[in-house]
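We count ligands from 1, going down the list as the structure has it; atoms in each ligand are counted the same way.
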Amino acid sequence: MTAPSLHPDPWRDVDAQPDPVQLATSLELRARTASHARLRRRFLRFVPIRPGDVVLEVGCGTGAVTRDLAALVGRRGSVVGVDPSRVILGEARKLSRSVGGGRITLRQADGAHLPFADGRFDVALAITVILHVADPLRVVREMARVVRRGGGVGLQDQDFGLVAVTHPDRALTELILKEVASRIYAEPYSGRRLPGLLRDAGLERVRLLTDVYQDTTLEPWTKTFLERRAEHAVKFGIVDASTAQRWLDGFTGLVARGAFVLTMNYYGAVGVTP
Ligand SMILES: C[S@@+](CC[C@H](N)C(=O)[O-])C[C@H]1O[C@@H](n2cnc3c(N)ncnc32)[C@H](O)[C@@H]1O
């Protein structure tokens with residue numbers, strides 16, 4: 001009997017990956033990158049999250065957003081983070097132990113089947129999760145179900161159709177970024193589709209915040225992102241190993257002369273339950 005083949009998107013099933021802890025590490029790396037921390041906080045202000053709110057975070061990962069949420073809801077509020085990955089939740093538990101003053105609860109659950117009563121939360125959020133789920137509309141409908149009338153459902157995702165990066169070989173860069181993203185993700189342009197998704201799930205007064213991740217120094221998270229794209233390009237047969245290495249070396253030269261730029265669009269969309 002052959003083992004079932006893994007989905008190319010590792011976030012679909014973190015615990016089935018050869019090294020799930022490495023994925024957890026990459027999430028914390030991203031969370032600590034200054035540009036990313038800024039866009040996460042801008043989105044939470046845009047939602048907005050208020051003191052006293054009871055908030056659900058679907059796909060909480062290692063809890064970078066959950067910990068920010070615990071600070072925003074204050075002593076009268078609380079935050080529940082759910083994630084299907086046992087490994088990721090283990091990391092989240094360690095990292096949230098000394099923060100949040102007991103306001104954070106973490107549970108293993110899938111966004112498509114939330115183990116909560118209707119109307120239990122003021123706000124439900126999913127940050128860079130919708131891109132990875134098999135049935136985005138089902139997850140957003142579940143989020144809307146567990147939010148009280150007049151509460152908020154907020155989604156934020158990157159959009160892999162809008163990654164701009166400097167490189168001496170523009171055609172090779174476009175080939176690798178476009179082809180790899182289209183083979184990993186069911187919907188690589190997820191970000192721009194979030195407002196429509198909220199409306200399809202029955203949410204009202206939908207608003208959109210467009211934001212940009214920006215890096216000019218090849219931060220550790222950006223470096224890992226580009227290395228993973230190069231690895232996948234070889235694995236999917238898009239380029240050979242020496243071309244992938246030449247592509248990565250091209251970035252190093254740009255960084256050395258202060259000419260490196262990578263930007264990636266992020267879209268945040270929020271709707272209100274009717
Ligand atoms: C890229 S991480 C984002 C984590 C966190 N929201 C953050 O921004 O740091 C995506 C997370 O979604 C989780 N995930 C994947 N499929 C899911 C599903 N069907 N329901 C809920 N979460 C899911 C993964 O386990 C992973 O922790």
Less than 3.5 Å between some nitrogen or oxygen of [X] and one of ligand 1, yes or no?
| X | value |
| --- | --- |
| A112 | no |
| P84 | no |
| S85 | no |

Nearest neighbour in protein (non-hydrogen) for [atom]:
| atom | answer |
| --- | --- |
| atom 19 (N) of ligand 1 | D110 OD1, 3.0 Å |
| atom 8 (O) of ligand 1 | R30 NH2, 3.2 Å |
| atom 15 (C) of ligand 1 | W11 O, 3.1 Å |
| atom 26 (C) of ligand 1 | D83 OD2, 3.5 Å |
| atom 4 (C) of ligand 1 | G59 O, 3.3 Å |
| atom 20 (N) of ligand 1 | G111 N, 2.8 Å |

> Does A31 come within less than 4.0 angstrom of ligand 1, counting non-hydrogen atoms of the residue?
Replying inline: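 No, A31 has no heavy atom closer than 4.0 Å to ligand 1.
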
>> So for R40, does at least one of its heavy atoms come nearer than 4.0 angstrom to any atom of ligand 1?
In response: no

> Pick one: which of K94, R67, E28, E91 meets side chain to side chain donor-acceptor pair (under 3.5 Å) with T62?
Replying inline: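 In the set K94, R67, E28, E91, the residue that makes a side chain to side chain donor-acceptor pair (under 3.5 Å) with T62 is E28.
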
>> Please confirm whether the ring centroid of Y189 lies under 6.0 Å from the ring centroid of F160.
In response: no

> What part of A126 sits under 4.0 Å from ligand 1 if we count only heavy atoms: the side chain, the backbone, both or neither?
Replying inline: neither

> Any Lys/Arg nitrogen of E142 or R138 sitting under 4.0 Å from an Asp/Glu carboxylate oxygen of the other?
Replying inline: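 Salt bridge: no.
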
> Is it true that R170 and E174 have a side-chain N and a carboxylate O under 4.0 angstrom from each other?
Replying inline: no

> So is R40 actually on top of F43's ring, under 6.0 Å and inside 45° of the axis?
Replying inline: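 Not satisfied by the 6.0 Å and 45° rule.
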
>> Does R148 qualify as a cation-pi partner of F121, given the criterion of NZ or CZ under 6.0 Å from the six-membered ring centre and within 45 degrees of its axis?
In response: no

> Considering residues at least two apart in sequence or located in another chain, which fulfil the side chain to side chain contact (heavy atoms under 4.5 Å, CB included) criterion with E231?
Replying inline: R228

Quick one: which ligand 1 atoms are inside 4.0 Å of a heavy atom on [X]?
| X | result |
| --- | --- |
| T128 | 1 (C), 2 (S), 3 (C), 8 (O), 10 (C) |
| H132 | 1 (C) |
| G61 | 4 (C), 27 (O) |

> To which of L27, D135, V58, T66 does the heavy atom nearest atom 2 (S) of ligand 1 belong?
Replying inline: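 Nearest heavy atom to atom 2 (S) of ligand 1 lies in L27.
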
>> Which option wins on minimum heavy-atom distance to atom 12 (O) of ligand 1: V14, V139, T62, V129?
In response: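 Shortest heavy-atom distance from atom 12 (O) of ligand 1: V129.
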
Can you find a pair of side-chain heavy atoms, one from [X] and one from [Y], that are under 4.5 Å apart?
| X | Y | answer |
| --- | --- | --- |
| L23 | S85 | no |
| L56 | L125 | no |
| T173 | W247 | yes |
| F46 | R207 | yes |

